[in-house]
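Worksheet: one structure, shown below.
Quick caveat, the model's predicted, so the values are computed rather than measured. Note on naming: letters A, B, ... go to the chains in the order of the sequence lines (proteins, then strands), and numbering restarts at 1 for each one.
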2 protein chains.
Amino acid sequence: MTHKSAITIKDVAQAAGCGVATASRVLNNSGSASADVRERVETAARDLGFSFSAIGRALQSRRSMTIGCLVPSLANPVFAEAVQGVQAELQGSGYQLLISCSNYDEAADDAALEMLLSKDTDALIATMVAPERSAALQLAGRRGIPVALMFHDPMEGFVTSYVDNVEAAREVARQFARLGHRRTGFLALRFSTSDRSRNRYAGFLAECRAGGLPDPALIEIGEAEARQPDRLAVILGQHPGLTAIFASNDFLAIALQNAARLLGWRVPQDMSVAGFDGIEIGRLLEVPLATIETSPEAMGRQAARLLLERLQGGAPVQPPALSFHFRAGATLAPPTPGKGDDGRVAAQPPSAPPAETAQQG
Amino acid sequence: MTHKSAITIKDVAQAAGCGVATASRVLNNSGSASADVRERVETAARDLGFSFSAIGRALQSRRSMTIGCLVPSLANPVFAEAVQGVQAELQGSGYQLLISCSNYDEAADDAALEMLLSKDTDALIATMVAPERSAALQLAGRRGIPVALMFHDPMEGFVTSYVDNVEAAREVARQFARLGHRRTGFLALRFSTSDRSRNRYAGFLAECRAGGLPDPALIEIGEAEARQPDRLAVILGQHPGLTAIFASNDFLAIALQNAARLLGWRVPQDMSVAGFDGIEIGRLLEVPLATIETSPEAMGRQAARLLLERLQGGAPVQPPALSFHFRAGATLAPPTPGKGDDGRVAAQPPSAPPAETAQQG
DNA sequence: TTGTATGCGTTATCAT
DNA sequence: ATGATAACGCATACAA
């Protein structure tokens with residue numbers, strides 16, 4: 001086949017026997033043109049298989065029609081879904097998505113954002129390790145480039161699409177307390193490069209205290225333990241007496257149940273478990289996972305929408321937190337008397353209705 | 001701190017008191033320049049916070065340093081991981097990733113690819129609904145734009161990064177047969193917009209026949225059934241007598257077990273189940289899922305590598321299929337005598353060693 | 001070694 | 001209604 005080095009509007013104009021300006025006007029439906037020349041230009045463009053060069057356009061219009069997106073990793077379904085949401089919302093807007101991953105590395109984070117900026121993206125959407133410390137993020141703000149954050153709590157100078165991690169975590173603590181649990185734990189990835197995890201712990205801790213419960217045991221594990229049930233079991237065994245554990249995400253919650261099984265503990269009879277995120281697989285498990293259901297996809301959509309509005313001249317507005325939803329699942333039960341009850345027999349709270357559902361938004 | 005309109009190399013040249021060509025040479029380390037002016041240019045660039053405009057560069061060099069990537073959806077972890085692999089491999093290469101999703105829609109597929117092309121991407125990497133019917137894909141080939149496919153079988157004119165679905169499915173059939181299963185089934189999404197699923201069925205069917213087994217029952221379900229265990233259970237109930245089912249992906253395999261449970265069938269005692277993909281969660285389940293383990297991440301990396309090599313002038317080379325690995329898990333067992341054995345008591349095959357593992361590559 | 005001028009593909013301006 | 005031309009930011013051939 002003929003190696004056709006891209007044909008430009010100049011070729012079209014020549015074929016149509018008119019000036020490039022006229023061809024441009026016709027092809028863009030801007031300005032006016034006689035039906036005659038309009039026809040000639042259109043057929044010429046069709047015949048030659050002409051298509052605009054986005055680069056030429058970008059150079060002249062000073063807009064790349066490109067939006068940069070930075071997330072820690074696409075291997076994490078939560079982020080992948082969020083990006084999917086962004087992508088979906090951008091469909092038909094004319095904007096294309098330029099993506100980059102930091103792999104949870106703070107330095108890579110900043111570098112990636114800088115790279116995105118240098119690509120002349122018209123807007124930025126990001127989930128970072130440490131947005132408050134990112135020079136590139138500040139730079140974007142100063143340059144007047146619209147920025148939307150995802151998953152992060154509201155931050156001075158930037159709009160963000162997020163769920164209230166603290167409040168959601170409090171809800172979990174309330175559910176635990178309602179069932180009569182006192183000795184609880186919080187399971188998280190060590191070196192958790194995430195303010196999300198921190199906020200969840202903070203909320204959980206705060207509500208435990210508010211409810212008069214002892215402080216939860218903080219169980220931090222590494223990636224290795226999260227993937228190897230036997231290793232996690234060892235760690236879990238070092239925390240006897242806990243009757244309910246809140247894992248900072250669903251994946252950990254599932255791994256946790258696996259480890260518990262190795263110790264001969266049944267869920268929820270011997271230990272209650274709750275997760276966070278609401279990944280779909282959780283619903284399909286033999287024992288459906290109790291969790292805070294969120295919608296990363298909606299988060300991505302909202303972030304994209306915020307950006308599009310700003311790109312159309314709107315002022316930046318910080319929307320309220322997205323709603324979450326407590327899903328009871330089947331991994332929650334009252335603690336078994338005699339286990340982890342500080343030596344006393346755990347009394348069933350006076351009136352504990354069956355685990356219900358909580359909305360917030 | 002209102003950074004005005006971006007500063008260009010012209011500003012740098014002016015500040016450094018030299019011509020733009022000299023500034024360009026210094027900043028690109030091309031050509032020669034006196035230590036004197038070199039110093040002035042560099043400090044000027046630093047002081048002004050100069051950075052190149054990717055667009056200006058692209059226009060002049062005819063290369064956008066951008067690679068387009070099309071996948072059906074990022075909500076599917078298999079594709080998300082593949083993109084993550086692409087992304088990882090592209091790190092530091094100077095190329096950025098432009099992504100788009102088709103949502104399994106063939107028309108959107110072609111349109112998205114066209115859009116990517118119109119963005120002047122230097123190369124394309126895609127997983128499509130019907131690559132063999134995509135006009136945009138052909139166009140890319142004709143234009144001489146390097147293209148790499150992912151997940152697809154080798155196709156005339158394009159290189160692809162893939163696993164041999166047919167061979168992998170045969171392996172599953174062999175495992176079933178080894179355990180003594182005869183009445184088997186293949187579970188897939190109806191309207192499965194995927195040659196992967198078709199190839200898996202073909203391989204499964206072929207090996208069943210080769211092994212003298214009856215043809216497997218083809219069980220096609222819709223999205224709704226896949227997400228609602230009770231509905232899937234109804235369908236499953238319509239196929240009594242099956243002792244082993246091969247689901248075309250792990251997600252379906254998990255949903256399948258859920259449905260079986262509702263029918264009171266135990267896995268693997270009453271029914272064996274195998275999946276495909278090897279998603280991580282499968283290993284963490286109470287009953288670890290038997291599956292064909294693949295690495296979408298490796299697939300993405302390979303595809304990206306193929307592209308980078310071509311962009312550096314290399315000739316297109318089709319690499320061999322990526323290896324897969326049969327993971328025995330715990331969802332496989334010999335059929336229970338008296339169930340689904342065509343009326344005869346299923347004989348244990350003469351020498352059935354414990355389920356082992358098969359490599360291919 | 002350095003600067004000037006040109007062209008990359010497009011649109012906006014301004015004549016005609 | 002139409003077309004010639006000037007940007008846009010950059011790299012480079014060519015001249016100095």
Heavy atoms, side chains only, cut-off 4.5 Å: are B:L311 and B:P146 in contact?
yes
Could you check B:R133, B:E114, B:M128 and say which one makes a side chain to side chain contact (heavy atoms under 4.5 Å, CB included) with B:D109?
B:M128
Taking the side chain as everything from C-beta on, heavy atoms only, tell me whether A:R38 gets closer than 4.5 Å to A:N29.
yes
Residue B:Q14 excluded, over 12 heavy atoms near CD under 6.0 Å:
no
Distance test, side-chain N/O of A:R62 to OP1/OP2 of D:dA7, below 4.0 Å:
no
I want to verify a distance call: between D:dG3, C:dT2, D:dG9, whose nearest atom is closest to the B:L59 side chain?
D:dG9
Have A:T43 and A:D47 got a donor and an acceptor in their side chains that come within less than 3.5 Å?
no
Is B:I55 touching bases, backbone alone, or none of the nucleic acid, heavy atoms closer than 4.0 Å?
nothing
Could you run down the sub-3.5 Å N/O contacts of the protein with nucleotides 10-13 of chain C?
from	atom 1	to	atom 2	distance (Å)
C:dT10	OP1	A:S53	N	2.7
C:dT10	OP2	A:I9	N	2.6
C:dT11	OP1	A:N28	OD1	3.2
C:dT11	OP1	A:N28	ND2	3.0
C:dT11	OP1	A:R57	NE	2.9
C:dT11	OP1	A:R57	NH2	3.2
C:dT11	OP2	A:S24	OG	2.8
C:dT11	OP2	A:N28	ND2	3.2
C:dT11	O4'	A:Q60	NE2	3.2
C:dT11	O3'	A:Q60	NE2	3.1
C:dT11	O2	A:Q60	OE1	3.3

Determine whether more than 12 heavy atoms belonging to other residues, nucleotides or ligands lie under 6.0 Å from atom CZ of B:R63.
no
Nearest whole Å is fine: how far is C:dT2 C1' from B:E39 CD?
18 Å
Roughly how many Å is it from CD in B:Q14 to C1' in C:dT2, rounded to a whole number?
17 Å
Between its two end axes (five pairs each) the helix from C:dT1-D:dA16 to C:dT16-D:dA1 turns, nearest 10 degrees, through 50°
Taking the basic N atoms (NZ, or NE/NH1/NH2) and the acidic carboxylate oxygens, is any pair closer than 4.0 Å for B:R301 and B:E297?
yes
Taking the side chain as everything from C-beta on, heavy atoms only, tell me whether B:V26 gets closer than 4.5 Å to B:V12.
no
Whole angstrom is fine here: how far is it from CG in B:D120 over to C1' in C:dG9?
9 Å
Starting at CZ of B:R63 and ending at P of D:dA11, how long is that distance when rounded to a whole Å?
12 Å
